[in-house]
There are 2 protein chains.
Amino acid sequence: MTKTTPSIIIADDHPLLLKGLSDFLIEKGFNLLGSGKDGREAYNLIIQNEPDIAILDIQMPYMSGLEIAQKCKSIDIETKIVLITLHKEKELYQKAQELNLFGYILKEFALEEIENCIKTVTDGVPFFSEKIKELIGVVLMEDNDLKTLTPSEKKILKLIAQDKTNKEIASQLFISYRTVEKHRSNIITKLNIEPKTNSLLIWAKEHHEKLL
Amino acid sequence: MTKTTPSIIIADDHPLLLKGLSDFLIEKGFNLLGSGKDGREAYNLIIQNEPDIAILDIQMPYMSGLEIAQKCKSIDIETKIVLITLHKEKELYQKAQELNLFGYILKEFALEEIENCIKTVTDGVPFFSEKIKELIGVVLMEDNDLKTLTPSEKKILKLIAQDKTNKEIASQLFISYRTVEKHRSNIITKLNIEPKTNSLLIWAKEHHEKLL
DNA sequence: CGAAAATTACGTGTTACCACGTATTTCATA
DNA sequence: TATGAAATACGTGGTAACACGTAATTTTCG
């Protein structure tokens, strides 16, 4: 790893954030090659410049930060990708392993943390915010429960989250209404849900993001 | 209204956004008196400087933008308050009337819109983003239904949204279990909810923000 | 192939939710 | 004070959700 200033491109669909980040990096003397306001622009910037680091928002029009990371991996671009987002996205932790993600920071973090992150990543060391790590712990627990579900059970859980009744689910899956009930029962047992009347519906609603 | 450049203070707890907004206003030649990173700082800045305009994030530590607006009104500070936020807060439209709010913009909006907003507000004309207005339309409809609910019905609706069963609600309110059921029935009728089994729970969950 | 897991299905019983109706009491206010 | 709205409460009947158990069939995989 050379000791020259790393080249960087950034992308964010929030003009204010983009400006803030851009100004900050320039002031700090980083080698900012360019910035994009959506996923397409970001992707083009990356394949044209092959920067050392790309700091990308997760949610952007046309292409998300994750999609960009995926494509970059598939075409063997060595750009280190740092995701930046407002939300503590729980699903992220797994994908971070699969893709060549090198960092994940929250927008509300201090500017110094960004500088810190860039330096760390430049040395080839992944950087994840502390708060993210906490989340990962929690999510891992919950996901362990989820993983014990069979495919059918997951499918039914999804449908429950979509406000379907047992009968609707049954006819949709061409199985008996009783079978659906049995699955429900098994799901409740596996997920250690309190045995209240609508507890499964409530659970499904609260965790419906994880069922996608 | 004088034609001099309006004095402005800004506050946001996201360093990046604050920097972006700050840099932008300075570049555009606005008279930026100061900036704060939380509600307290913002409030102090306002009462000390009594700026023409205060651009505040809604969600901030110690004091929200709305609380600041409230306090400012109570002590007759004439600063025109513009709220800025990432989320399309549905509850906002009502409060905008009560307080001396002069604007509401979304962070993802173009920088030009902010400039536009400041100019409009300087002339004493409230500025609300188009997207907000759309939302207000929708929310007004829904709220009309909500307003038809009696106090007791609202209370029960809140408890339903908190996953309480009829019996729990009954014992908590010291009323009969049957009464709760009657209320439920009335609520369903008033809100035009489809007569499915857990439809009321689902409705309450989906609208639980509005029940606060 | 054989064992384990998954899927399918049913029985029985309890509780919760919902509709529709009736009826009493309380309370604000025209 | 009198009218009406709201809150309270109960009856009846139907559907849905859930617990717990049994069991046949299919899939999966060592």
Side-chain angles (χ1 to χ4, degrees), chain A residues 142-208 210-212, chain B residues 142-208 210-212:
Chain A
E142 288 179 349
D143 272 19
N144 280 339
D145 282 344
L146 256 189
K147 287 216 180 74
T148 66
L149 296 183
T150 66
S152 295
E153 286 164 351
K154 278 188 210 160
K155 199 183 300 175
I156 285 172
L157 195 49
K158 282 180 213 169
L159 292 171
I160 291 172
Q162 290 163 25
D163 305 339
K164 311 282 187 184
T165 66
N166 282 350
K167 283 187 181 170
E168 287 171 335
I169 294 172
S171 68
Q172 187 168 338
L173 299 182
F174 302 106
I175 58 179
S176 159
Y177 144 73
R178 314 306 305 284
T179 307
V180 179
E181 285 200 329
K182 180 57 176 163
H183 281 307
R184 277 187 103 114
S185 192
N186 292 340
I187 292 169
I188 289 171
T189 303
K190 285 188 181 177
L191 296 181
N192 293 316
I193 297 176
E194 2 127 53
K196 271 175 61 178
T197 298
N198 286 311
S199 48
L200 184 53
L201 173 61
I202 292 165
W203 192 97
K205 286 249 161 223
E206 284 172 355
H207 299 80
H208 97 281
K210 281 205 283 294
L211 301 175
L212 310 177
Chain B
E142 289 177 350
D143 272 19
N144 279 339
D145 282 342
L146 256 189
K147 287 215 180 73
T148 67
L149 296 183
T150 66
S152 296
E153 286 164 351
K154 278 187 209 161
K155 200 182 300 176
I156 285 172
L157 195 50
K158 282 180 211 167
L159 292 172
I160 291 172
Q162 290 162 25
D163 306 339
K164 310 282 187 186
T165 66
N166 282 350
K167 283 187 180 170
E168 287 171 335
I169 294 171
S171 68
Q172 187 168 337
L173 299 183
F174 302 105
I175 58 179
S176 159
Y177 143 73
R178 314 305 306 282
T179 309
V180 179
E181 287 199 328
K182 180 59 177 164
H183 281 306
R184 275 187 104 111
S185 191
N186 291 340
I187 292 169
I188 289 171
T189 304
K190 284 188 181 177
L191 296 181
N192 293 316
I193 297 175
E194 5 129 49
K196 269 175 64 177
T197 298
N198 283 311
S199 48
L200 184 52
L201 173 63
I202 293 166
W203 193 96
K205 287 253 160 216
E206 284 172 355
H207 298 79
H208 98 282
K210 282 205 282 294
L211 302 175
L212 310 176

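Note that this is a predicted model, so its numbers are computed, not measured. Residue numbers begin at 1 in each chain, while the letters A, B, ... track the order of the sequences.
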Chemist: Check whether any side-chain nitrogen or oxygen of A:Ser185 sits under 4.0 Å from OP1 or OP2 of D:dC20, and answer yes or no.
Modeler: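 Looking at the OP1 and OP2 atoms of D:dC20, neither is under 4.0 Å from any side-chain N or O of A:Ser185.
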Chemist: Within this structure, what is the CD-to-P distance between A:Glu181 and D:dA23, rounded to whole angstrom?
Modeler: 20 Å
Chemist: Minimum heavy-atom separation for A:Ala161 to A:Lys205, with atom names?
Modeler: O-NZ, 3.6 Å
Chemist: Expressed in angstrom and rounded to an integer, what is the separation of B:Phe174 atom CZ from C:dT25 atom P?
Modeler: 23 Å
Chemist: Which nucleotide sits closest to the side chain of A:Arg184: C:dA6, D:dA9, D:dA17?
Modeler: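 In terms of side-chain proximity for A:Arg184, the closest of C:dA6, D:dA9, D:dA17 is D:dA17.
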Chemist: Rounding to a whole Å, what distance do you find between A:Asp163:CG and D:dA17:P?
Modeler: 11 Å
Chemist: Does A:Thr189 reach a base, just sugar-phosphate, or nothing at all? Heavy atoms under 4.0 Å.
Modeler: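 Nothing, no nucleic acid heavy atom in range.
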Chemist: Examine C:dT7: is either OP1 or OP2 under 4.0 Å from a nitrogen or oxygen in the side chain of A:His183? Give yes or no.
Modeler: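 Indeed not, no polar side-chain atom of A:His183 lies that close.
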Chemist: Would you mind telling me which of D:dT8, C:dT7, C:dC17 lies closest to the side-chain atoms of B:Lys182?
Modeler: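 Selected nucleotide (nearest to the side chain): D:dT8.
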Chemist: Which part of the nucleic acid, if any, lies within reach of A:Ile188 when heavy atoms closer than 4.0 Å are counted: base, sugar-phosphate only, or nothing?
Modeler: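 It contacts sugar-phosphate atoms only.
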Chemist: Once you apply a heavy-atom cut-off of 4.0 Å, does A:Ser152 come out as touching a base, just sugar-phosphate, or nothing?
Modeler: sugar-phosphate
Chemist: Once you apply a heavy-atom cut-off of 4.0 Å, does B:Thr179 come out as touching a base, just sugar-phosphate, or nothing?
Modeler: base
Chemist: Let me know the distance between CG of B:Leu201 and P of D:dA17, rounded to the nearest Å.
Modeler: 12 Å
Chemist: Looking only at side-chain atoms of A:Arg178, point me to the closest of C:dT7, C:dT12, C:dA9.
Modeler: C:dT12
Chemist: Hey, are the side chains of B:Leu173 and B:Ile156 touching, using non-hydrogen atoms and a 4.5 Å cut-off?
Modeler: yes
Chemist: Using atom CD1 of A:Ile193 as one end and atom P of D:dA17 as the other, report the distance to the nearest whole Å.
Modeler: 14 Å
Chemist: Which residue lies toward the 5' end of DNA chain D, B:Asn198 or B:Pro151, if each is placed at its nearest nucleotide?
Modeler: B:Pro151
Chemist: I'd like to know if A:Glu181 pairs up with A:Arg184 as an ion pair, taking the criterion as any Lys NZ or Arg NE/NH1/NH2 lying under 4.0 Å from an Asp or Glu carboxylate oxygen.
Modeler: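 The answer is no: the pair does not qualify as a salt bridge.
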Chemist: Test side-chain contact (heavy atoms from CB on, under 4.5 Å) on A:Leu157 and A:Leu200 and set out the steps.
Modeler: CA-CA 9 Å; A:Leu157 195 49; A:Leu200 184 53; 3.9 Å; yes
Chemist: With a 4.5 Å limit on heavy-atom distance, are the side chains of B:Leu159 and B:Val180 in contact?
Modeler: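 No; the side chains remain at least 4.5 Å from each other.
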Chemist: Start at the 5' end of DNA chain C and walk down; is the nucleotide closest to A:Tyr177 or to B:Lys164 reached first?
Modeler: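 Nearest nucleotide further toward 5': that of A:Tyr177.
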Chemist: Atom CD of B:Glu194 and atom P of C:dA19: how far apart are they, to the nearest Å?
Modeler: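 Atom-to-atom, B:Glu194 to C:dA19, this comes out as 11 Å.
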Chemist: Given atom CD1 of A:Ile187 and atom C1' of C:dT7, what is their separation to the nearest angstrom?
Modeler: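 Distance check: A:Ile187 CD1 to C:dT7 C1' gives 13 Å.
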Chemist: Which whole-number value in Å describes the distance from B:Asn186 CG to D:dA9 C1'?
Modeler: 13 Å
Chemist: For D:dA16 and A:Asn166 - does any side-chain N or O of the residue sit under 4.0 Å from the phosphate oxygens OP1/OP2?
Modeler: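 Checking A:Asn166 against D:dA16: no side-chain N or O falls below 4.0 Å of OP1 or OP2.
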